[in-house]
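Report on one structure; see the data block that follows.
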Amino acid sequence: MSKENVKVQVRHLTKKFGDLLVLNDVSFEVKKGQFLCVVGPTGCGKTTFLNCITKLYEPTSGEILLDGEPVDLRKHNVSYIFQEYSAMSWLTVEQNIAFGLNIKHFPKEEVKARVDEVIAMVGLEKFRNYYPNQLSASMLQRVVIARAFATKPDLLLMDEPYGQLDIELRFKLEDELIGLWEQLGTTIIFITHNIEEAVYISEDILVLTNKPTTIKTMINNSLPRPRNVTSRSFIDLREQVTELIKWW
Amino acid sequence: MKNKAKQKQIAIKILATIFSFLIFGLLWEMLVRFSDVGRVMPGPLETLQSFFEHFTEKYSAYTLPEHVWRSLRRVLTGYFFAAIAAIALGILMASYKTIDAIVSPLFNMVRPIPPVAWIPLAILWFGINDGSKYFLIFWASFLSMVQNVYAGTKSADPKLIGAAKMLGANDGHIFLTIVLPSAVPYIFSGLQLGINSAWAMAIGSEMIRSTDGVGWLIIRGMDNNNLLQELVGILAVGIVGFALASVLRGVEAKLCRWNKRGT
Amino acid sequence: MDKKRLKYFVISCTSVIVFLGIWYLCTAVLELVRPTSLPDPVTVVKTFFYKLTHKAPDGATLMQHMYSSLRVALMGYALSLIIGIPLGILMAWSKPIDLLASPVFDFVKAIPGLAWAPMMIILMGIGIASKGVTIFISGMIPCVLNAYVGIKQTKEVHLWVARTFGATRRQMLFKVAIPTALPYIITGARVSLGACWMTIVAAEMVASSSGLGYMIQQCRGIYRPDVIIVGMLTIGFLGSLLTALLGCIERALVKGRDYEK
């Protein structure tokens with residue numbers, strides 16, 4: 001793997017909260033444009049891991065490099081989709097989507113152009129001037145996703161974004177996400193505890209162990225797209241990953 | 001481990017409080033020493049000294065604690081009756097639409113008039129002595145509490161009431177087990193407002209017409225150009241007001257443990 | 001209006017009419033109370049119109065008193081907003097400032113605003129300055145409190161969103177915290193207005209030579225409860241008017257928002 005191709009390098013990442021050891025010497029690499037899913041037992045520190053990447057938590061030891069340098073959120077272009085609803089209740093859909101662009105001081109015309117582009121991709125043009133309290137849960141997630149993609153991030157982190165939605169919506173949004181990813185080539189690290197989801201969307205699956213968390217293994221997912229959840233190969237892969245999570 | 005962290009927090013808060021008052025006292029002292037204000041206004045040490053001296057020395061007929069007690073007595077009496085009246089009327093108005101329809105319009109006409117505006121009328125009716133003050137304190141606290149009691153009684157979840165009725169509960173039972181617990185946080189919030197109103201009205205009415213009490217102390221200071229006396233009075237007012245509010249908050253915390261709010 | 005609401009509406013109207021009727025009965029007809037204690041409603045109305053243009057019996061017309069009170073109240077109010085709101089925001093946003101300022105502030109909060117009036121009068125004499133400062137202190141407290149609570153309501157996840165986008169602390173304050181706090185700040189402004197209005201009336205009763213509070217206090221001394229009641233109603237009316245105006249501004253500023261999500 002050539003050095004230019006590597007987007008994220010995690011080296012010996014360790015995170016302790018007081019005496020509680022959550023992440024224990026985690027090391028791996030993520031290629032540019034890769035779609036990586038991180039799975040593991042509940043409470044094994046997946047969210048902690050993402051928060052270390054974005055410096056929301058300071059690692060106890062170890063380092064995380066983005067494009068070869070330590071993560072600097074002002075320099076690097078990172079978007080994070082949290083587990084909880086994070087749309088700003090005082091902004092319209094349009095203003096929400098533009099939020100990241102405005103923080104990064106993009107010029108007005110470009111902000112408008114990007115917002116228009118992304119709002120079309122998630123199909124929310126009609127709802128431009130709506131406020132979050134007028135939207136359904138899936139629409140809210142679309143707003144958040146649009147906001148994340150509007151900045152054309154180098155790295156996109158997603159923490160179980162579809163956990164609260166029903167299956168039909170899940171698949172719909174997963175397909176939309178794959179479409180956005182294919183169009184924009186963003187590097188994505190996606191956390192989920194839903195194995196079917198992981199197998200459906202990922203290129204690679206990183207399996208974590210229970211606390212103190214280390215890497216169990218990295219599985220390559222080369223199923224051809226569009227993927228069929230009922231196909232034999234899909235089910236096999238799904239069972240394989242499930243086994244790995246179960247027996248640690 | 002959690003206890004240690006909590007203890008540390010409390011220690012920091014206490015230190016910060018002491019530090020905060022020290023800085024404030026320092027600024028005050030500097031203001032008095034290095035500016036014209038110092039000619040009329042005493043510094044913090046002088047004020048504190050006078051404050052403690054008057055625990056035994058008298059202002060006119062009474063010592064400082066006696067003045068405080070006179071004010072408190074008025075407050076607590078008026079407040080107590082106001083609380084009973086407010087809770088009774090609030091619950092009645094919220095529970096029976098007819099009573100609401102009769103009382104609300106009268107109430108809404110009178111409510112915009114600030115309690116202070118009643119002072120002259122009250123003195124005209126009840127004289128310059130305690131009668132008018134009791135009335136005013138009662139009225140001020142009553143006004144600020146009824147609204148909350150009403151809102152609290154109305155806040156009971158209609159779904160819960162519906163479910164209870166379906167199970168055969170009678171009105172009295174529903175009231176005691178569903179409506180009242182739901183109303184309690186609002187009632188306590190109202191009681192807080194009420195004690196603040198009562199205390200403010202006590203001071204206010206004493207300032208306007210009185211022969212004793214902390215409010216009288218403050219206004220007397222003005223008449224004699226005695227800023228020291230006023231500052232002692234203000235200090236006393238603050239301490240008592242703070243104590244009243246804290247006591248009420250403590251009672252609420254104990255009784256409403258299931259409903260811990262943020263601030 | 002459906003039948004039930006109509007029924008209650010009628011009851012309410014009847015209630016008011018009965019009240020006025022009893023008042024009139026007890027005063028003008030049966031003369032159960034002296035007119036120096038309680039005037040009848042008709043006299044009150046007559047006095048109202050009289051006072052609009054006549055200076056007697058207290059030295060100024062109703063309009064002049066209204067102007068005097070409103071002027072000082074609004075000046076003090078403006079100062080409360082300008083100083084109180086940023087102070088509240090600052091205290092909530094900066095932990096060290098919070099730790100240092102809160103104890104003193106909590107203590108001052110317990111002191112009714114009017115209690116400061118005599119001190120201000122000694123320092124600044126009877127006049128607009130002392131009244132203005134007293135009102136400022138009264139009005140500042142709700143501004144600080146509500147702004148403080150509002151900023152503290154800021155959702156951590158919103159701050160994190162801003163942070164991952166690379167926001168500076170200043171950007172987080174202005175683009176996340178303050179918008180979150182806006183409804184609370186406006187509530188604080190409304191409560192503050194009420195406090196300022198109450199304080200001016202009280203301060204005028206303590207030491208003033210004009211204003212609505214002065215007027216009703218003067219008329220007590222000369223046994224003119226009709227003027228007192230006119231004054232009280234005017235005070236109440238103006239207070240409601242100011243609050244309603246602020247309510248309109250509030251609705252315009254926070255339209256569409258809901259603070260659940």
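Every chain is numbered from 1 and lettered A, B, ... according to where its sequence line falls, protein lines coming before strand lines.
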Can you measure from CG (C/D98) to OG (B/S20) and round to the nearest 0.5 angstrom? 10.5 Å
For B/V40, which atoms come within 4.5 Å of any heavy atom of chain C: side chain, backbone, both, or neither? side chain
Sole residue of B/T98, B/D100, B/I99 in side-chain contact (heavy atoms from CB on, under 4.5 Å) with C/I11: B/T98
For the student: nearest non-hydrogen atoms of B/A117 and C/M232, plus distance: O-CG, 3.4 Å
Could you look at C/I121 and say if it's the side chain, the backbone, both or neither that has a heavy atom under 4.5 Å from chain B? side chain
Answer whether the closest heavy-atom distance between the side chains of B/M207 and C/M205 falls below 4.5 Å. no
Would you find a donor on one side and an acceptor on the other, under 3.5 Å apart, between the side chain of B/W199 and the backbone of C/P112? no
The reported gap from CD in C/Q217 to CZ in B/R209 (rounded to nearest 0.5 angstrom) is 7.0 Å
Contact summary for C/I111 and B/G238, nearest pair of heavy atoms: CG1-CA, 3.5 Å
Quick check: closest heavy atoms across C/P225 and B/L121, and the distance to 0.1 Å? CB-CD1, 4.2 Å
Using a 3.5 Å distance criterion without hydrogens, assess whether the side chain of C/S12 forms a donor-acceptor pair with backbone atoms of B/I102. no
With rounding to the nearest 0.5 Å, note down the distance linking CE in C/M119 to CE in B/M41. 5.0 Å
Between C/F107 and B/F21, what is the ring plane arrangement, given parallel below 30°, perpendicular above 60°, and tilted in between? perpendicular
Okay, B/N225 and chain C: the region with an atom under 4.5 Å from a heavy atom over there is both
Is B/M109 close to chain C through its backbone or its side chain, or both, or neither, when contacts mean heavy atoms under 4.5 Å? side chain
Do you know the tightest heavy-atom contact between B/N226 and C/I122? N-CD1, 3.9 Å
Would you check, one step at a time, whether the test side chain to side chain contact (heavy atoms under 4.5 Å, CB included) holds for C/I235 with B/I113? CA-CA 6 Å; C/I235 294 171; B/I113 303 175; 5.6 Å; no
Does anything in residues 192-202 of chain C get under 4.5 Å of chain B by heavy atoms, and if so which residues? C/M198, C/V201, C/A202
Considering all heavy atoms of both residues, which atom of C/R220 and which atom of B/P120 are nearest to each other, and what is their separation? CD-O, 3.2 Å
Checking C/L114 against chain B: side chain, backbone, both or neither under 4.5 Å from a heavy atom? both
Closest non-hydrogen atom pair between C/S240 and B/P112, with its separation: OG-CB, 3.1 Å
Most contacts with chain B, counted as non-hydrogen pairs under 4.5 angstrom, among C/G236, C/A110, C/P118: C/P118
Non-hydrogen atoms of chain B under 4.5 Å away: do they reach the side chain of C/I216, the backbone, both or neither? both
